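See structure below.
The shown structure was predicted, so the numbers you read here are calculated from the model rather than taken from an experiment.
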Amino acid sequence: HLGLALEPEEPLGVAREVVEHQVHLRLGLAFLECEQTRTAPGGTYDDILDRLRRHLGGEQGRVLDFGAGWGQFTLAASQAGWDVVGIEPTPGRALYARESLDLDVRTTTLTPDLFPDGHFDAVVSLQVFEHLDDPAAELEHIARVLRPGGILAIEVPSIASPLVRLLGGSHRHFNPDHFWFFSPETLKRFVGDHGFTVRECYAPTRRLSIGWLVQGILSQYLPQRIGEAALRAIRRTPLADLVVPINVHDIVMVIAQRTG
């Protein structure tokens with residue numbers, strides 16, 4: 001519940017902005033608390049940063065987090081010493097990253113006048129391209145702000161997973177927010193057609209807590225009452241907080257180098 005005292009002469013627009021500001025910050029905090037129970041902090045992002053550094057010859061410079069969300073990868077890159085900027089079109093998420101995490105995450109898309117040509121050494125986009133209206137146009141914008149020889153990392157859901165084929169339309173990948181579907185082959189071809197040379201293509205491993213894993217599976221594939229009962233039972237055991245590596249090949253990552 002949010003309480004807010006206003007002077008009578010205060011414009012309604014200002015009051016709405018204050019309320020929205022507080023709501024966005026609280027939503028961000030709740031989201032990241034949930035993420036902390038889901039994953040081993042930093043593990044996945046450390047792996048991405050290590051790969052970027054290796055492909056850049058051991059150096060780390062300016063990196064763009066394209067579609068930064070709540071700022072998780074942006075934070076990891078900043079803490080690892082990268083000069084990182086994030087862009088995120090959803091106002092609440094960008095606001096949370098700026099005000100709660102003290103990150104340079106801008107509420108915008110990658111417009112032509114936002115950064116100079118060749119400004120970044122690396123661009124990272126995690127679970128974003130499946131949501132875009134025009135992925136090809138966005139990749140062209142990315143290529144423009146990435147220096148020649150710079151490194152691009154794109155992660156998206158993979159449609160080629162055996163689990164996706166088994167579950168069909170009930171798999172979590174099939175939701176209204178996903179406009180595009182990629183396989184490892186189509187993702188490699190996509191970046192190759194836009195001036196990039198693929199250096200790696202792999203299925204990243206996630207580190208997930210047993211509690212979150214059970215919750216995610218049961219909430220989607222079992223009746224609600226059965227799922228809730230099973231989840232309560234697992235949460236009463238030490239297993240709930242146990243973090244394990246999971247890789248069912250339903251996510252694909254491509255790391256590519258800009259040519260020219």
Side-chain angles (χ1 to χ4, degrees), residues 17-18 20-36 39 41-133 135 137-156 204 253 255-258:
E17 288 180 4
V18 172
E20 289 178 350
H21 181 276
Q22 293 300 317
V23 168
H24 290 321
L25 294 183
R26 294 189 184 193
L27 284 174
L29 180 60
F31 174 81
L32 291 186
E33 286 177 348
C34 175
E35 285 293 289
Q36 289 171 357
T39 63
T44 300
Y45 303 137
D46 288 345
D47 177 68
I48 296 170
L49 293 169
D50 286 344
R51 292 172 189 264
L52 292 181
R53 192 179 297 109
R54 185 170 68 250
H55 287 291
L56 289 170
E59 299 180 1
Q60 56 187 56
R62 286 194 294 261
V63 59
L64 172 66
D65 187 358
F66 178 86
W70 301 96
Q72 297 154 286
F73 175 79
T74 318
L75 179 63
S78 177
Q79 291 175 337
W82 293 77
D83 181 6
V84 58
V85 176
I87 58 172
E88 169 55 48
T90 306
R93 298 180 182 188
L95 173 68
Y96 180 82
R98 285 194 301 273
E99 298 213 358
S100 292
L101 302 180
D102 195 27
L103 298 170
D104 184 2
V105 174
R106 306 175 190 184
T107 309
T108 183
T109 57
L110 189 51
T111 56
D113 59 345
L114 190 60
F115 302 109
D117 293 0
H119 184 68
F120 292 100
D121 300 292
V123 177
V124 176
S125 180
L126 305 178
Q127 302 285 323
V128 174
F129 268 75
E130 67 272 21
H131 299 281
L132 299 176
D133 291 332
E138 297 298 337
L139 188 53
E140 290 175 1
H141 295 324
I142 287 173
R144 182 186 62 78
V145 300
L146 188 62
R147 68 166 174 83
I151 299 299
L152 168 68
I154 295 179
E155 179 190 276
V156 291
M253 171 79 84
I255 296 180
Q257 189 166 28
R258 186 192 162 195

How far apart are the closest heavy atoms of Leu103 and Ser78, and which atoms are they? CD2-CB, 4.2 Å

So Arg51 and Asp47, salt bridge (Lys or Arg N to Asp or Glu O under 4.0 Å) or not? Walk me through it. CA-CA 6 Å; Arg51 292 172 189 264; Asp47 177 68; 2.9 Å; yes

Quick check: closest heavy atoms across Leu139 and Ile154, and the distance to 0.1 Å? CD1-CD1, 4.3 Å

So, taking the atom named CD in Gln79 and the one named CG in Leu75, what distance separates them when rounded to the nearest 0.5 Å? 4.0 Å

State whether Asp121 and Arg62 are salt-bridged, where the test is any N-O pair (Lys NZ or Arg NE/NH1/NH2 against Asp/Glu carboxylate O) under 4.0 Å. no

Residue pair Val63, Phe120: steps toward the side-chain contact (heavy atoms from CB on, under 4.5 Å) verdict: CA-CA 6 Å; Val63 59; Phe120 292 100; 5.5 Å; no

Can you name the nearest heavy-atom pair linking Ala76 to Tyr45, along with the distance? CB-CB, 3.7 Å

Of the options Ile151, Leu146, Leu152, which is the one that meets Gln257 in a side chain to side chain contact (heavy atoms under 4.5 Å, CB included)? Ile151

Within-4.5 Å side-chain heavy-atom neighbours: Met253 and Val156: no

Pairing donors with acceptors under 3.5 angstrom, does anything connect the side chains of Arg93 and Thr107? no

Once you round to the nearest 0.5 Å, how far does NE2 of His119 lie from CG of Leu114? 9.0 Å

Among Thr109, Asp104, Thr108, find the one that has a side chain to side chain donor-acceptor pair (under 3.5 Å) with Arg106. Asp104

Taking side chain as C-beta onward, heavy atoms only, is Val145 less than 4.5 Å from Pro116? no

Nearest 0.5 Å, what's the CD-CG distance between Gln72 and Asp65? 9.5 Å

Minimum heavy-atom distance between Gly67 and Val128, given as atom pair plus value: O-CG2, 3.7 Å

Go through the steps to decide whether Leu64 and Ile87 satisfy the test side-chain contact (heavy atoms from CB on, under 4.5 Å), and finish with yes or no. CA-CA 8 Å; Leu64 172 66; Ile87 58 172; 4.2 Å; yes

Run the numbers on Glu138 and Phe66 for side-chain contact (heavy atoms from CB on, under 4.5 Å), then give the verdict. CA-CA 10 Å; Glu138 297 298 337; Phe66 178 86; 3.6 Å; yes

Could you please spell out the steps behind the side-chain contact (heavy atoms from CB on, under 4.5 Å) verdict for Phe129 and Glu155? CA-CA 8 Å; Phe129 268 75; Glu155 179 190 276; over 6 Å; no

Tightest non-hydrogen contact, residues Val105 and Ala68, listed as CG1-CB, 4.1 Å

At what distance, to the nearest 0.5 angstrom, does CZ of Arg98 lie from CD of Glu88? 10.0 Å

Of the non-hydrogen atoms in Leu101 and Gly71, which two are nearest, and what is the gap between them? CD1-O, 4.2 Å

To the closest 0.5 Å, what do you measure between CZ (Arg54) and CD (Gln60)? 14.0 Å

Does CG in Asp83 sit with more than 12 non-hydrogen atoms of other residues, nucleotides or ligands closer than 6.0 Å? yes

Enter the distance from Ser125:OG to Leu110:CG here, rounded to the nearest 0.5 Å. 10.5 Å

